[in-house]
**Student:** 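Structure incoming, see below.
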Amino acid sequence: MPKDAPPNGGATPDADLIGPRQRVSEMQAKLHRWAVADPGRRFDDLFNFVHDPATLQVAFDRVAGNRGANTPGIDGLSATDVEERTGVPGFLDDLRAQLRQGTFRPLPVRERKIPKPGGSGKVRRLGIPVIADRVVQAALKLVLEPIFEADFKPVSYGFRPKRRAQDAIAEIHFYGTHGYRWVLDADIAACFDEIDHAALMDRVRTRIKDKRVLALVKAFLKAGLLTELGEYQGTFTGTPQGGI
């Protein structure tokens, strides 16, 4: 049976003396170290890390620095709008208050269809979250990623920090010069669109015990989608490409 982790959240007395990036980096290193040391460990009290001011600040910086920062969600706000109209400190204070009070609710994502590469005529369906939701998603990622990173195999390259397609290509070249002659190319049809929410949440629960974090992940999965025609659609399976 997986062992339940003791509480590990909460602000430190000297928190104000540490820069946000350094504080988040130290938090991530600690979580990753614990996850590696005990593969059966389930983490509780992670929600404190998610709404920590340092985590939210780093999350906003990453969202604002992203290539799609000025692509708005259904509320029409971009990262630049937040910086110029409300100011980042006030925006993050309000977001943190919503999270702590349990009143935060993700909004439906905005549908945007883009052509798939290769001239096939097919389109990829993106779901663009509002800026506030992207910041919370980024905060969740900062907390969850170091835990789940401990369980990935060294040969896995997709959607992982400090790894890219070129690394996988280099690995193929390496094996190609050491006697290997075959490469298996396979794809899961409509993987993002058809991911089973119950199965996904079961996998998350193998590592995460904090019910508030689990509820937040599920809320994003179930947030729904506003089509290009302005129609609301529920999201009963899948996770939208375009969000974090």
Side-chain angles (χ1 to χ4, degrees), residues 2 21 24-43 58-59 61-69 71 109 111-129 134 137-208 217 220-221 225 235 237-244:
R21 289 186 181 180
V24 169
S25 179
E26 291 175 357
M27 173 267 291
Q28 290 182 309
K30 182 193 302 182
L31 292 175
H32 184 70
R33 185 169 64 249
W34 289 341
V36 170
D38 187 354
R41 182 171 186 168
R42 297 178 69 220
F43 288 77
V58 173
D61 291 344
R62 292 197 175 184
V63 169
N66 189 278
R67 193 168 49 181
T71 302
V109 298
E111 180 186 55
R112 183 178 178 185
K113 295 178 181 178
I114 62 172
K116 285 189 174 183
S120 64
K122 296 181 179 179
V123 297
R124 176 173 283 116
R125 193 184 194 192
L126 301 181
I128 312 300
R134 272 181 259 179
Q137 288 181 13
L140 273 171
K141 181 175 183 284
L142 288 169
V143 174
L144 296 180
E145 186 170 67
I147 296 172
F148 286 100
E149 263 293 303
D151 299 330
F152 278 98
K153 303 295 183 184
V155 292
S156 175
Y157 291 96
F159 302 98
R160 295 181 64 189
K162 299 180 181 179
R163 287 169 177 257
R164 53 184 184 166
Q166 287 87 341
D167 296 321
I169 293 170
E171 183 110 338
I172 292 170
H173 280 299
F174 172 81
Y175 282 111
T177 59
H178 287 74
Y180 288 82
R181 291 292 176 265
W182 291 90
V183 174
L184 174 63
D185 181 20
D187 187 31
I188 300 175
C191 178
F192 283 97
D193 296 333
E194 297 181 9
I195 287 176
D196 184 278
H197 289 175
L200 178 59
M201 292 304 301
D202 283 345
R203 297 299 291 271
V204 176
R205 289 189 190 95
T206 62
R207 277 301 207 172
I208 308 302
V217 174
F220 280 118
L221 292 172
L225 177 142
T235 44
T237 60
T239 178
Q241 297 183 69
I244 294 173

**Student:** Holding to side-chain hydrogen bond (donor to acceptor under 3.5 Å, both in side chains), I want the full list of residues that pass it with Glu149, two or more places apart in sequence or in another chain.
**Tutor:**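 Listed in chain order: Arg160.
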**Student:** Counting C-beta onward and ignoring hydrogens, is there a side-chain heavy-atom pair between Phe220 and Thr235 closer than 4.5 Å?
**Tutor:**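 The answer is no; the side chains never approach within 4.5 Å.
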**Student:** Nearest 0.5 Å, what's the CD1-CD distance between Ile128 and Gln241?
**Tutor:** 10.5 Å
**Student:** I need the Asp196 CG to Arg203 CZ distance, nearest 0.5 Å.
**Tutor:**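 Answer for the CG-CZ pair, Asp196 versus Arg203, is 12.0 Å.
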**Student:** With the side chain counted from C-beta on, respond yes when Leu221 and Met201 share a heavy-atom pair under 4.5 Å apart, and no when they do not.
**Tutor:** yes
**Student:** Does Arg163 have more than 12 heavy atoms from other residues, nucleotides or ligands lying within 6.0 Å of its CZ?
**Tutor:**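 Atom CZ in Arg163 is packed in, count exceeds 12.
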**Student:** Would you compute the distance between atom CG of Leu126 and atom CZ of Phe192 and round it to the nearest 0.5 angstrom?
**Tutor:** 11.0 Å
**Student:** If every non-hydrogen atom of Phe148 is compared with every non-hydrogen atom of Phe152, which pair is closest and at what distance?
**Tutor:**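 Looking at all heavy atoms of both residues, the shortest contact is O-CD1, 3.2 Å.
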**Student:** When rounded to the nearest 0.5 angstrom, what is the spacing between CG in Leu144 and CD1 in Ile208?
**Tutor:**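 Taking CG in Leu144 and CD1 in Ile208, the distance rounds to 5.0 Å.
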**Student:** For Gly127 and Pro129, which heavy atoms make the closest approach, and how far apart are they?
**Tutor:** O-CD, 3.3 Å
**Student:** Is it true that a side-chain atom of Gln28 and a backbone atom of Leu142 form a donor plus acceptor pair closer than 3.5 Å?
**Tutor:**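 Pair found, side chain donor or acceptor close to backbone of Leu142.
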**Student:** Could I get the full list of side-chain hydrogen bond (donor to acceptor under 3.5 Å, both in side chains) partners for Lys141, not counting sequence neighbours?
**Tutor:** Glu145
**Student:** Can you find a heavy atom in the side chain of Leu140 that is under 4.5 Å from one in the side chain of Ile244?
**Tutor:** no
**Student:** Could you give all pairs that pass the side-chain hydrogen bond (donor to acceptor under 3.5 Å, both in side chains) test and reach residues 179-192, with sequence neighbours left out?
**Tutor:**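 Found none.
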**Student:** If you compare all heavy atoms of Ala59 against all heavy atoms of Ala138, which two are closest, and at what distance to 0.1 Å?
**Tutor:** CB-CB, 3.7 Å
**Student:** Are Thr71 and Arg112 packed together at the side-chain level, in the sense that at least one heavy-atom pair is separated by less than 4.5 angstrom?
**Tutor:** yes
**Student:** Is the shortest heavy-atom distance from the side chain of Val24 to the side chain of Arg21 under 4.5 Å?
**Tutor:**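 No. Closest side-chain heavy atoms not under 4.5 Å.
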**Student:** After noting the C-alpha distance and the side-chain angles of Trp34 and Ile147, does the key distance pass the side-chain contact (heavy atoms from CB on, under 4.5 Å) rule?
**Tutor:** CA-CA 8 Å; Trp34 289 341; Ile147 296 172; over 6 Å; no
**Student:** Kindly write out the residues that satisfy side-chain hydrogen bond (donor to acceptor under 3.5 Å, both in side chains) with His197, not counting sequence neighbours, or none if the list is empty.
**Tutor:** Lys222
**Student:** Using a 4.5 Å cut-off on heavy atoms from C-beta on, say whether the side chain of Pro117 contacts that of Arg124.
**Tutor:** yes
**Student:** Please list every donor-acceptor pair under 3.5 Å in which a side-chain atom of residues 165-175 meets a protein atom from a residue at least two apart or in another chain.
**Tutor:**
residue, atom, partner, partner atom, Å
Asp167, OD2, Arg164, N, 3.0
Glu171, OE1, Tyr157, OH, 2.9

**Student:** Identify the heavy atoms of Ala35 and Ala150 that sit nearest to each other, and give their distance.
**Tutor:**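 Answer, listing the atom of Ala35 first, then Ala150: CB-CB, 3.7 Å.
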**Student:** Name all residues meeting the salt bridge (Lys or Arg N to Asp or Glu O under 4.0 Å) criterion together with Arg207; count only those two or more places apart in sequence or in a different chain, and write none if there are none.
**Tutor:**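 Only Asp151 meet the salt bridge (Lys or Arg N to Asp or Glu O under 4.0 Å) criterion with Arg207.
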